[in-house]
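Beneath this line is the structure, given in structure tokens, with notes to follow.
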Amino acid sequence: MAKMKTGCAILVACALVVGTSLGSHGNAQTIAPCRPGFSQSFYTVFVPRGVLQGLNIHKGKMKFETCQQIEEVSFESSDPKFSVRPDGSLYAEQHVTNLTEPIQFMVTARDSAGKYIWETTVKLALAGHLLSPPVNQFAGDGIYGGSSHNHYQNPRLITFLLTPKCKRDWVIPPINVPENSRGPFPQVLVRIQSDQDKEIEIRYSITGAGADQPPNDIYIIDPVTGKMSVTKPLDREERASYHLRAHAVDVNGNQMEPPIDLYIYVIDMNDNRPEFKNQVYNGSVAEMSKPGTSVMQVTAFDADDSTTANGLVHYRILSQTPHIPIPNMFTINGATGEISTIATGIDREKVSQYTIIVQATDMEGSLNFGLSNTATALISITDINDNPPELDSKTFLGEVPENAVGVVVANLTVRDKDQPHTPNWNAVYRITGGDAMGHFAIRTDEVTNDGKVIVVKPVDYERNDAFTLMVVVSNQAHLGSGIPSSPSSSAAVSIKVLDVNEAPVFPSNPKIIRFEEGVPADTTLATFAALDPDRFIQQTIRYSKLSDPANWLKINRTNGRITTTAVLDRESPYMKKNVYEATFLAVDNGSPPATGTGTVQIYLIDVNDNVPVLVPQEALVCERSRHGYPVNITASDLDSEPNTGPYVFELPSYPSSARRNWTISRLNGNYAQLKLRIPYLEAGMYRVPILVSDSGNPPLSNTSVLKVKVCPCDENGDCTVIGAVTVAGLGTGAIITILICIIILLSMVLFFVMWVKRREKERQTKPLLIDPEDDVRDNILKYDEEGGGEEDQDYDLSQLQQPESLDHIMSKPAGVRRVDERPVILESQYPVRPTVPHPGDIGEFIIDGLRAADNDPTAPPYDSLLVFDYEGSGSTAGSVSSLDSSSSGEQDYDYLNDWGPRFKKLADLYGGGGED
């Protein structure tokens, strides 16, 4: 209740709150005259459990201010269980056995004259309850103090001190409203009263968010009494505070007091459990980690007020699975949620993963009053190389056939406790001794980690029949620090070499033989003998020929002597770069027999046995020496140097015309020029003999004939077309014949084109009336007769033939007769087309012609009567007399009369216009 007077206004505010509330003091903005009243509108008192069992309660610090204006004040409690003594002390009049839920009641103060009334709200809660604030922090000024002995019959709970104190005007301390109140609603929070309400009728109202602004109607005020109430439970997590303004006006709306600011704070209740960000957290820590090593961090969020115990989360570990080597291998920081190791002995080979159940509790971890939630932390133990590989045996045995490559000799098995398929587990094998020539290697099996000893270079039993290898195995990763074990393991591998029948070996392969070409048959070239590597066994070797492209050679079966069977020619197509290659076999008589292969390469030295040949064989020369160009000639020789060029070109003395008409001049060692010696030579084909000699020792010569075509040339030295034909050997008559044939061929093509164009023109200019030769009439076409089946042979083919004349038809025996001939009557006169018709008369001319044709009875087809003979009775075919038109009712066929004479008979039959 607030009272306002002119000059010195007095405001009294009281609060009735259900639930937990933390009071607070308001700070005045301007100094005003002292006003009597309670120091707080709401008091929360935490009472120990012993108080309700008779403990003495000392005087508290709850104050009531008299301002030295009020001599006597009386107090009254709204709850009969509690009373307030005249000195302001609060006592429990009845034994209160249960404070599991807070108790709230109102205390009213009156002056002796009954003129003024002050109210406040008191809430009692058990100390240690969820409402209990942190140590040394109480709501309002309600302080409890007591001893272990009860000196009062009724325990005193609180005392309101009557002390003078100057208050600040127009300021109402913030109103604290606990969230989640159970009601009943509406619930009075504060009462506002003007000191002018005794003389004037005052109306009160509130404005602001929560009253007349969204969220609307959370707070309401009685316009007459000024009591402001809350209409429903509040949720601090939705909205933590409200700012309203109270207004006092008269019935006419005139403002009687300045607006008062009301600050309402929603007091947090512990109504939200901590929530983990994840239900499952994954972390890892290396094995053999030292205590205190950080593993992971879990985080929980509490929606309650983080500045109070309601929102302060504390973490603890509830369980660890498995309990190896001890149940508490990890610890957690209660404030931050960081999980770390607390003990030694983490071994991945024993436990690869731990499951930790973590609990988060608010109220600073109070198990009695806090709300909790749990999450799972999965801690994977990462591997380190703390276990070196160990070979299963100190000695391994193996055997290998000689000359074998790529075969597995021995399998080295190894054990490693570290995590498979990691560098800590992968084995690396090395041969440290016993294999100076590098015959063996060890490869690691990626699946089993075993070592496979394989042969990379063939071993020879005759040289070494056994090997003893020293092998060392270690990991890819270095062994962890502080591990007392050796980082590697070693063993010996004994390998026995098995003797096998080896193939004979040719000492020199390929064997190179040099000979001059032209070697005659039965010439011994060389002895190609093979050796048997099996020195401890006496075996016989037989030789044979495998490849001899030109079939020039043979080999002795027993001793390997190679002789020729034909003349060796260096110019043979089987020669490759002057080398002839043949392959031979050497087979021993072992079990099983072994075969060796050897190659003989015969290098043939060239001799001058091929004459040079003139190049080119033909040439073209102008008939006049001043025109054209000389002919460049050279020679080709199958021999090689020095049996080829330089060449010598000469004109022989016979025939004499060669030197008389032609001359040769040397250009260089391989080329010469042929040109006319005389100014003019008649066009034609000439055969010029030329003698060519090479540079061999002795040199070889050859007379080649060069075909020279002499032709007339133009000024540029190019042979003309007529001249080329003349040179080809054609006479004047042949040339004229060819030209005539060309002219005839062109004339035929021209005639055919003109005939096609004429036919096209005739089709375009054809008269509109049909020519008699193009007349198509509806006559029976005569086809060849075809006989019937086996049961249909008795018939008269003459009945199917077209009649020749009327008499012929009448003279035939009874049967089918047809009269389809032109009637003997006067022909209709058709309109005559003018010689040069006007274009406008063409349509009229066509219409007249059509009209005349329709009315011409002589125009085909002719209306004739077909007479059939009686076929007799007993036909197997059904009667057709029942066939009828699918249409029903009468139908008008008069339109047939408009179709002309050809349909006249049909119009008479159906239209009823003619005789039956």
With sequence neighbours left out, write down each residue that passes ring pair (Phe, Tyr, Trp, His ring centres under 6.0 Å) with Y219, or none if nothing qualifies. Y242

Enumerate the ring-ring contact (aromatic ring centres under 6.0 Å, His included) contacts for residues 309-336, please, sequence neighbours excluded, ordered by first and then second residue. F330-Y354

Residues in side-chain contact (heavy atoms from CB on, under 4.5 Å) with I324, at least two apart? P322, V351

Which side-chain hydrogen bond (donor to acceptor under 3.5 Å, both in side chains) pairs, counting each pair once, include a residue from residues 205-215, with sequence neighbours left out? T207-H247

Sorted by chain and number, sequence neighbours left out, ring pair (Phe, Tyr, Trp, His ring centres under 6.0 Å) with H243 holds for Y263

Looking at residues at least two apart in the chain, or sitting in another chain, which of them share a side-chain contact (heavy atoms from CB on, under 4.5 Å) with P423? Q476, A477

Can you list every ring-ring contact (aromatic ring centres under 6.0 Å, His included) pair that touches residues 284-304, not counting sequence neighbours? none

By side-chain contact (heavy atoms from CB on, under 4.5 Å), P186 pairs with (sequence neighbours left out) I220, S229

Pair listing, side-chain hydrogen bond (donor to acceptor under 3.5 Å, both in side chains) test, anchored in residues 285-298, at least two apart: S294-E338

For the atom pair CD1 (I342) and CD1 (I332), what is the distance rounded to the nearest 0.5 Å? 12.0 Å

Search all heavy atoms of G345 against all heavy atoms of M329 and return the closest pair with its distance. C-CE, 4.2 Å

Do any pairs count as a salt bridge (Lys or Arg N to Asp or Glu O under 4.0 Å) and have a residue in residues 348-368, sequence neighbours left out, and if so which ones? R348-D383

For R239, what residues pass the salt bridge (charged side-chain N to carboxylate O under 4.0 Å, His left out) criterion, not counting sequence neighbours? none

Can you name the side chain to side chain donor-acceptor pair (under 3.5 Å) partners of D271, sequence neighbours left out? N180

